[in-house]
Amino acid sequence: MADIQRTLVLIKPDALQRELVGEVLSRFERKGLKMVAMKMAHLDEATLTEHYGHIKDKPFFPSLVQYMRSTPVVAIVYEGIEIIDEVRKVVGATNPRKADAGTIRADLSMNVPSNMVHASDSIDAAATEIKRFFTDDELFMYEKLTDRFHFGEGI
Ligand code: IDP
Ligand code: MG
């Protein structure tokens, strides 16, 4: 059986302010990703300190929290084969000016912390982050008719 994973994406405040939520969703849809959960959430400082625990001592952390609290975010869970790395590939490098052309961050942004999108970076992080934002009954199981093109025999 292929390696089916789930990953957490957050569409960040700059995307909401700049009316680019649809563009981001559309890029993931065109790639063929299967969405199994989605909601808006206004993040509090405690959640952000947990979510960004690995950088909470960096000098830019307060501005990251301020930015992430400036609007709600859109939280999404995608599911599919090797989805964690595939989503990171579509999202691009952390610094939009170093990201490869064709990625969301390179094509649609110029700066940190306002780089449009968060995406889980490992299997462990994805599991923790999905639990941080969603309960089990907010994750939907369904058959997507196009799965055979993206994950199956391709016919
Ligand atoms: P990632 O989002 O690509 O996984 P991380 O290193 O986990 O990158 O950093 C989390 C977020 O913190 C980044 O997406 C960005 O919004 C912000 N950030 C990272 N480095 C900087 C920085 O040097 N200045 C300001 N914000 C930063
Ligand atoms: Mg990260």
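Residues: numbered from 1 along the sequence shown.
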Kindly state whether the ring of F28 and the ring of Y78 have centres lying under 6.0 angstrom apart. yes
Please examine the side chains of [Y] and [X], heavy atoms only from C-beta on, and report whether any two atoms are closer than 4.5 Å.
| X | Y | answer |
| --- | --- | --- |
| M40 | V73 | no |
| V77 | M38 | no |
| M68 | P13 | yes |
| L20 | M116 | yes |
| L8 | I76 | no |
| I84 | D121 | no |
| E129 | L10 | no |
| T71 | K12 | no |

Say whether, by atom type as modelled, one donor and one acceptor occur between the side chain of R69 and the main chain of H42 under 3.5 angstrom. no
Check this for me: [X], atom [atom1], are more than 12 non-hydrogen atoms of other residues, nucleotides or ligands nearer than 6.0 Å?
| X | atom1 | value |
| --- | --- | --- |
| Q66 | CD | no |
| N95 | CG | yes |
| K39 | NZ | yes |

What residues, two or more places apart in sequence or in another chain, satisfy ring pair (Phe, Tyr, Trp, His ring centres under 6.0 Å) together with F133? H51
Test of understanding: with ring pair (Phe, Tyr, Trp, His ring centres under 6.0 Å), list the residues that count as partners of Y67, not counting sequence neighbours. none
Minimum heavy-atom distance between N115 and V112, given as atom pair plus value: ND2-CG1, 4.0 Å
Minimal non-hydrogen separation, R88 against A119, with atom names: NH1-O, 2.9 Å
Not counting sequence neighbours, which residues clear salt bridge (Lys or Arg N to Asp or Glu O under 4.0 Å) with R18? List them please. none
